[in-house]
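In what follows, a structure is listed as C-alpha coordinates, so that the remarks can point back to it.
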Amino acid sequence: EDRESFGMYEDLSAEAPGLPLFQAPLIVTYWSYPMIGVRRMLVEAGIVRLRVPPRAALARPPFWETLTLSGRPTAVIRMPFTYPAGPQTGPVLISDWVGTDWQIMGVTTDGPGPFVSPSDEAPALLKFFEPSPDFNDQMTAEFFPAGTSGLSDEGRAAVEELRGAFTLDAQTFAAAEHTVRKHQATNLALYLGGWDTVNHAFQRFRSASGSDAPLRGVLDRYLILLDRNVQRLIAAFASPPDVVVVSDHGFRDEWHERHAMFLAAGPGVPHADRIQPLTYADVVPTLLDLQGLTKPARLAGQSVLRRPDR
(Lines give C-alpha, C1' and ligand atoms only; values in the text may rest on other atoms or scores of the structure.)
Protein backbone atom coordinates (compact mmCIF):
# COMPACT_ATOMS: atom_id res chain seq x y z
CA GLU A 1 0.00 0.00 0.00
CA ASP A 2 1.26 3.48 -0.76
CA ARG A 3 2.60 5.23 2.31
CA GLU A 4 0.51 8.38 1.94
CA SER A 5 -2.83 6.59 2.08
CA PHE A 6 -1.60 4.30 4.86
CA GLY A 7 -0.71 7.35 6.93
CA MET A 8 3.02 6.89 7.49
CA TYR A 9 5.23 9.96 7.33
CA GLU A 10 8.55 9.59 5.59
CA ASP A 11 10.45 11.86 8.01
CA LEU A 12 9.48 9.84 11.08
CA SER A 13 11.40 6.74 12.11
CA ALA A 14 11.28 4.58 15.20
CA GLU A 15 14.16 3.23 17.26
CA ALA A 16 14.41 -0.31 15.94
CA PRO A 17 17.99 -0.98 14.79
CA GLY A 18 18.24 -3.54 12.02
CA LEU A 19 14.56 -3.36 11.07
CA PRO A 20 13.19 -1.77 7.90
CA LEU A 21 11.37 1.51 8.52
CA PHE A 22 7.96 0.13 7.60
CA GLN A 23 8.19 -2.56 10.31
CA ALA A 24 9.07 -0.31 13.23
CA PRO A 25 5.65 1.33 13.75
CA LEU A 26 3.96 -2.07 13.57
CA ILE A 27 6.12 -3.35 16.40
CA VAL A 28 5.65 -0.19 18.46
CA THR A 29 1.87 -0.04 18.09
CA TYR A 30 0.86 -3.71 18.00
CA TRP A 31 -1.59 -4.25 20.85
CA SER A 32 -2.77 -7.51 22.32
CA TYR A 33 -2.87 -8.78 25.87
CA PRO A 34 -0.36 -11.64 25.26
CA MET A 35 2.02 -9.25 23.49
CA ILE A 36 1.79 -6.73 26.33
CA GLY A 37 2.90 -9.46 28.73
CA VAL A 38 5.79 -10.50 26.48
CA ARG A 39 6.81 -6.89 25.99
CA ARG A 40 6.79 -6.22 29.73
CA MET A 41 9.00 -9.26 30.36
CA LEU A 42 11.47 -8.04 27.73
CA VAL A 43 11.48 -4.57 29.27
CA GLU A 44 11.91 -5.83 32.84
CA ALA A 45 14.77 -8.09 31.73
CA GLY A 46 16.54 -5.10 30.18
CA ILE A 47 16.49 -6.67 26.70
CA VAL A 48 14.24 -3.99 25.21
CA ARG A 49 13.82 -0.36 26.14
CA LEU A 50 10.61 1.42 25.17
CA ARG A 51 10.80 5.20 25.11
CA VAL A 52 8.25 7.97 24.87
CA PRO A 53 8.50 9.24 21.26
CA PRO A 54 10.18 12.63 21.81
CA ARG A 55 9.49 15.88 20.02
CA ALA A 56 12.97 15.61 18.50
CA ALA A 57 11.85 12.58 16.46
CA LEU A 58 9.87 14.89 14.17
CA ALA A 59 11.89 16.39 11.33
CA ARG A 60 9.31 19.16 10.83
CA PRO A 61 7.09 21.11 13.23
CA PRO A 62 3.78 19.42 14.12
CA PHE A 63 0.62 21.25 13.11
CA TRP A 64 0.10 22.88 16.51
CA GLU A 65 3.49 24.58 16.34
CA THR A 66 2.83 25.62 12.75
CA LEU A 67 -0.45 27.25 13.79
CA THR A 68 1.10 29.05 16.76
CA LEU A 69 4.05 30.31 14.71
CA SER A 70 1.54 31.58 12.14
CA GLY A 71 -0.20 33.75 14.71
CA ARG A 72 -2.90 31.22 15.72
CA PRO A 73 -2.00 30.32 19.34
CA THR A 74 -2.68 26.63 19.95
CA ALA A 75 -2.82 24.91 23.33
CA VAL A 76 -1.84 21.23 23.30
CA ILE A 77 -3.14 18.51 25.63
CA ARG A 78 -1.41 15.09 25.54
CA MET A 79 -0.76 14.98 21.80
CA PRO A 80 1.98 12.52 20.70
CA PHE A 81 5.52 13.84 20.36
CA THR A 82 5.11 16.49 23.06
CA TYR A 83 7.60 15.22 25.65
CA PRO A 84 9.57 17.01 27.01
CA ALA A 85 7.19 19.94 27.21
CA GLY A 86 9.37 23.03 26.99
CA PRO A 87 10.13 25.43 25.65
CA GLN A 88 7.05 25.79 23.46
CA THR A 89 5.60 28.57 21.39
CA GLY A 90 1.96 27.89 22.37
CA PRO A 91 0.12 29.18 25.44
CA VAL A 92 -0.04 25.76 27.17
CA LEU A 93 1.40 22.32 26.51
CA ILE A 94 0.66 19.22 28.59
CA SER A 95 2.92 16.46 27.31
CA ASP A 96 1.80 12.93 26.53
CA TRP A 97 3.85 11.63 29.46
CA VAL A 98 1.27 13.12 31.82
CA GLY A 99 -1.16 10.33 32.71
CA THR A 100 -0.74 6.60 33.25
CA ASP A 101 -0.99 4.95 29.85
CA TRP A 102 2.71 4.98 28.95
CA GLN A 103 3.77 3.79 32.38
CA ILE A 104 1.36 0.83 32.27
CA MET A 105 2.96 -0.28 29.01
CA GLY A 106 6.46 -0.22 30.55
CA VAL A 107 7.59 2.84 28.59
CA THR A 108 10.23 5.15 30.10
CA THR A 109 11.59 8.63 29.46
CA ASP A 110 15.09 10.02 29.13
CA GLY A 111 14.75 12.45 31.99
CA PRO A 112 12.56 14.21 34.54
CA GLY A 113 10.61 16.39 32.12
CA PRO A 114 9.40 19.07 32.03
CA PHE A 115 5.93 17.62 31.67
CA VAL A 116 4.04 20.90 31.27
CA SER A 117 4.80 24.29 29.76
CA PRO A 118 4.82 27.06 30.91
CA SER A 119 6.25 26.05 34.27
CA ASP A 120 4.19 28.55 36.27
CA GLU A 121 0.98 26.78 35.16
CA ALA A 122 2.31 23.27 35.80
CA PRO A 123 1.05 22.88 39.41
CA ALA A 124 -2.53 23.79 38.48
CA LEU A 125 -2.57 21.65 35.32
CA LEU A 126 -0.92 18.57 36.86
CA LYS A 127 -3.44 18.67 39.68
CA PHE A 128 -6.11 17.49 37.23
CA PHE A 129 -4.15 14.26 36.75
CA GLU A 130 -3.77 13.34 40.41
CA PRO A 131 -5.37 10.03 41.53
CA SER A 132 -8.76 10.33 43.18
CA PRO A 133 -11.38 7.78 44.30
CA ASP A 134 -13.98 10.10 42.77
CA PHE A 135 -13.15 8.77 39.31
CA ASN A 136 -13.95 5.22 40.36
CA ASP A 137 -17.27 6.34 41.81
CA GLN A 138 -18.08 8.29 38.64
CA MET A 139 -17.24 5.32 36.43
CA THR A 140 -19.40 2.96 38.47
CA ALA A 141 -22.35 5.36 38.38
CA GLU A 142 -21.95 5.89 34.63
CA PHE A 143 -21.54 2.28 33.52
CA PHE A 144 -22.53 -0.08 36.33
CA PRO A 145 -25.18 1.46 38.60
CA ALA A 146 -26.22 -2.08 39.63
CA GLY A 147 -22.62 -3.06 40.45
CA THR A 148 -20.19 -5.53 38.87
CA SER A 149 -20.40 -8.52 41.17
CA GLY A 150 -20.46 -11.91 39.48
CA LEU A 151 -18.38 -10.98 36.42
CA SER A 152 -16.02 -13.53 34.93
CA ASP A 153 -12.27 -13.05 35.36
CA GLU A 154 -12.10 -11.76 31.78
CA GLY A 155 -14.96 -9.37 32.51
CA ARG A 156 -13.28 -8.02 35.63
CA ALA A 157 -10.05 -7.49 33.66
CA ALA A 158 -12.00 -5.50 31.06
CA VAL A 159 -13.54 -3.34 33.77
CA GLU A 160 -10.04 -2.52 35.03
CA GLU A 161 -9.12 -1.40 31.49
CA LEU A 162 -12.25 0.75 31.47
CA ARG A 163 -11.32 2.24 34.83
CA GLY A 164 -7.96 3.45 33.55
CA ALA A 165 -9.35 4.76 30.25
CA PHE A 166 -12.28 6.54 31.91
CA THR A 167 -10.02 8.17 34.50
CA LEU A 168 -7.44 9.45 32.03
CA ASP A 169 -10.05 10.77 29.59
CA ALA A 170 -11.93 12.50 32.43
CA GLN A 171 -8.69 14.09 33.66
CA THR A 172 -7.80 15.17 30.13
CA PHE A 173 -11.21 16.76 29.52
CA ALA A 174 -10.99 18.63 32.83
CA ALA A 175 -7.53 20.00 32.02
CA ALA A 176 -8.70 20.95 28.52
CA GLU A 177 -11.77 22.81 29.77
CA HIS A 178 -9.64 24.70 32.30
CA THR A 179 -7.17 25.64 29.56
CA VAL A 180 -9.87 26.84 27.17
CA ARG A 181 -11.55 29.00 29.80
CA LYS A 182 -8.25 30.54 30.91
CA HIS A 183 -6.80 31.05 27.42
CA GLN A 184 -9.73 32.21 25.34
CA ALA A 185 -9.18 32.89 21.61
CA THR A 186 -6.77 29.96 21.32
CA ASN A 187 -6.98 26.75 19.35
CA LEU A 188 -6.90 23.43 21.16
CA ALA A 189 -5.19 20.22 20.04
CA LEU A 190 -6.45 17.39 22.25
CA TYR A 191 -5.62 13.66 22.32
CA LEU A 192 -8.02 11.15 23.88
CA GLY A 193 -6.93 7.51 24.00
CA GLY A 194 -9.72 5.97 26.05
CA TRP A 195 -11.95 4.92 23.16
CA ASP A 196 -9.13 2.79 21.74
CA THR A 197 -8.54 1.03 25.06
CA VAL A 198 -12.24 0.43 25.65
CA ASN A 199 -12.74 -1.01 22.17
CA HIS A 200 -9.92 -3.50 22.63
CA ALA A 201 -11.35 -4.55 25.98
CA PHE A 202 -15.09 -4.65 25.26
CA GLN A 203 -15.71 -5.54 21.61
CA ARG A 204 -15.86 -9.20 22.67
CA PHE A 205 -18.65 -8.41 25.16
CA ARG A 206 -21.09 -6.76 22.74
CA SER A 207 -23.22 -9.91 22.74
CA ALA A 208 -22.27 -11.16 26.19
CA SER A 209 -24.75 -13.18 28.21
CA GLY A 210 -24.86 -14.69 31.65
CA SER A 211 -22.66 -13.12 34.30
CA ASP A 212 -21.00 -10.76 31.79
CA ALA A 213 -24.29 -9.40 30.38
CA PRO A 214 -23.81 -6.02 32.18
CA LEU A 215 -20.82 -5.38 29.88
CA ARG A 216 -22.81 -5.44 26.63
CA GLY A 217 -23.57 -1.72 26.51
CA VAL A 218 -20.21 -0.34 27.66
CA LEU A 219 -19.06 0.73 24.19
CA ASP A 220 -22.29 2.57 23.44
CA ARG A 221 -22.27 4.31 26.80
CA TYR A 222 -18.63 5.31 26.39
CA LEU A 223 -19.44 7.01 23.07
CA ILE A 224 -22.34 8.84 24.72
CA LEU A 225 -19.97 9.93 27.49
CA LEU A 226 -17.39 11.19 25.00
CA ASP A 227 -20.06 13.08 23.09
CA ARG A 228 -21.30 14.72 26.29
CA ASN A 229 -17.78 15.76 27.30
CA VAL A 230 -17.00 17.15 23.86
CA GLN A 231 -20.23 19.16 24.00
CA ARG A 232 -19.20 20.58 27.37
CA LEU A 233 -15.73 21.44 26.07
CA ILE A 234 -17.17 23.22 23.02
CA ALA A 235 -19.40 25.26 25.32
CA ALA A 236 -16.29 26.50 27.18
CA PHE A 237 -15.19 28.52 24.14
CA ALA A 238 -16.22 32.16 23.99
CA SER A 239 -17.70 31.62 20.52
CA PRO A 240 -18.61 28.42 18.63
CA PRO A 241 -15.37 26.84 17.33
CA ASP A 242 -14.72 24.73 14.26
CA VAL A 243 -14.26 21.16 15.48
CA VAL A 244 -12.27 18.45 13.71
CA VAL A 245 -12.28 14.88 15.04
CA VAL A 246 -9.74 12.44 13.60
CA SER A 247 -9.02 8.80 14.46
CA ASP A 248 -5.82 7.14 13.31
CA HIS A 249 -7.52 3.80 12.65
CA GLY A 250 -10.84 2.01 12.81
CA PHE A 251 -11.87 -1.20 14.57
CA ARG A 252 -12.95 -4.62 13.38
CA ASP A 253 -13.32 -7.60 15.72
CA GLU A 254 -11.34 -5.97 18.55
CA TRP A 255 -8.37 -5.01 16.36
CA HIS A 256 -7.26 -2.08 14.25
CA GLU A 257 -8.28 -1.66 10.63
CA ARG A 258 -7.05 0.92 8.15
CA HIS A 259 -10.32 2.80 7.53
CA ALA A 260 -10.55 5.60 10.09
CA MET A 261 -12.76 8.60 10.79
CA PHE A 262 -12.67 12.29 9.96
CA LEU A 263 -15.46 14.57 11.17
CA ALA A 264 -15.57 18.35 10.84
CA ALA A 265 -18.29 20.82 11.82
CA GLY A 266 -18.59 24.44 12.84
CA PRO A 267 -19.05 27.97 11.50
CA GLY A 268 -16.27 27.55 8.95
CA VAL A 269 -17.26 24.09 7.69
CA PRO A 270 -19.88 23.92 4.92
CA HIS A 271 -22.27 20.99 4.87
CA ALA A 272 -21.32 18.06 2.64
CA ASP A 273 -24.02 15.96 1.03
CA ARG A 274 -22.10 12.70 1.15
CA ILE A 275 -19.14 10.96 2.75
CA GLN A 276 -15.88 11.88 1.08
CA PRO A 277 -12.74 9.75 0.81
CA LEU A 278 -9.59 11.36 2.18
CA THR A 279 -6.20 10.43 3.63
CA TYR A 280 -4.09 11.54 6.58
CA ALA A 281 -2.35 13.95 4.25
CA ASP A 282 -5.58 15.97 3.93
CA VAL A 283 -5.96 16.66 7.66
CA VAL A 284 -3.34 19.39 8.17
CA PRO A 285 -4.26 21.28 4.95
CA THR A 286 -7.85 21.33 6.22
CA LEU A 287 -6.76 22.70 9.61
CA LEU A 288 -4.69 25.41 7.94
CA ASP A 289 -7.61 26.31 5.67
CA LEU A 290 -9.96 26.66 8.63
CA GLN A 291 -7.46 29.10 10.16
CA GLY A 292 -7.23 31.16 6.97
CA LEU A 293 -3.66 30.09 6.29
CA THR A 294 -2.20 29.12 2.92
CA LYS A 295 -0.96 25.55 2.56
CA PRO A 296 2.81 25.41 1.89
CA ALA A 297 3.61 24.03 -1.56
CA ARG A 298 5.70 21.20 -0.09
CA LEU A 299 2.82 19.98 2.08
CA ALA A 300 1.02 16.96 0.64
CA GLY A 301 -2.75 16.62 0.63
CA GLN A 302 -5.66 18.95 0.00
CA SER A 303 -8.09 20.78 2.26
CA VAL A 304 -11.45 19.03 2.45
CA LEU A 305 -13.05 22.46 2.09
CA ARG A 306 -11.57 22.90 -1.38
CA ARG A 307 -12.20 19.51 -2.93
CA PRO A 308 -14.05 19.70 -6.26
CA ASP A 309 -16.28 16.78 -5.23
CA ARG A 310 -17.36 18.46 -2.00
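Keep in mind that what you see is a predicted model, and the values were worked out from it rather than measured.
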_Non-neighbouring partners of H183 that pass ring pair (Phe, Tyr, Trp, His ring centres under 6.0 Å), sequence neighbours left out_ = none
*List in chain and number order the residues that pass salt bridge (Lys or Arg N to Asp or Glu O under 4.0 Å) with D220, two or more places apart in sequence or in another chain; answer none if no residue qualifies.*
R206
_Backbone of L192 reached by a side-chain donor or acceptor of T172 within 3.5 Å_ = no
*Please identify each residue that fulfils side chain to side chain donor-acceptor pair (under 3.5 Å) with E160, with sequence neighbours left out.*
R163
_A side-chain contact here means heavy atoms from C-beta on lying under 4.5 Å apart; do F63 and M79 qualify?_
yes
*Could you list the residues that satisfy side chain to side chain donor-acceptor pair (under 3.5 Å) with R228, not counting sequence neighbours?*
E142
_Residue list, side-chain contact (heavy atoms from CB on, under 4.5 Å) with V283, at least two apart or on another chain_ = V246, F262, L287
*Between I275 and V245, is there a shared hydrophobic cluster once you connect ILVMFWY residues whose side-chain heavy atoms come closer than 4.5 Å?*
no
*Mark yes or no for whether T179, through its side chain, and A175, through its backbone, hold a donor-acceptor pair below 3.5 Å.*
yes
*Taking C-beta and beyond as the side chain, do S303 and L288 meet within less than 4.5 Å on heavy atoms?*
no
*Can you tell me if Q184 uses its side chain to pair, donor with acceptor, with the backbone of A238 under 3.5 Å?*
yes
*Which residues pass the salt bridge (Lys or Arg N to Asp or Glu O under 4.0 Å) test with D153, sequence neighbours left out?*
R156
_Any non-hydrogen side-chain atom of D248 less than 4.5 Å from a side-chain atom of Y280?_
yes
*Looking only at atom types and distance, does a side-chain atom of D282 sit under 3.5 Å from a main-chain N or O of G301, one as donor and one as acceptor?*
no
*Which pairs with one or both residues in residues 112-122 pass salt bridge (Lys or Arg N to Asp or Glu O under 4.0 Å), sequence neighbours excluded?*
E121-K182
*Those residues that, when tested against A165, pass side-chain contact (heavy atoms from CB on, under 4.5 Å) (two or more places apart)*: T197, V198, Y222
*Could you pull out all residues at least two apart from P145 that satisfy side-chain contact (heavy atoms from CB on, under 4.5 Å)?*
none
*For D212, what residues pass the salt bridge (Lys or Arg N to Asp or Glu O under 4.0 Å) criterion, not counting sequence neighbours?*
none
*asked:* Quick one: does any side-chain atom of T167 pair with a main-chain N or O of F135 as donor and acceptor, under 3.5 Å?
replied: no
*Can you sort out the partners of A236 under side-chain contact (heavy atoms from CB on, under 4.5 Å), two or more places apart, ordered by chain and number?*
E177, V180, R181
*Report yes if some heavy atom in the side chain of I234 is under 4.5 Å from a heavy atom in the side chain of P240; otherwise report no.*
no
*Checking S95 side chain against P84 main chain: does a donor-acceptor pair fall under 3.5 Å?*
no
*Listed partners of F173 passing ring pair (Phe, Tyr, Trp, His ring centres under 6.0 Å), at least two apart*: none
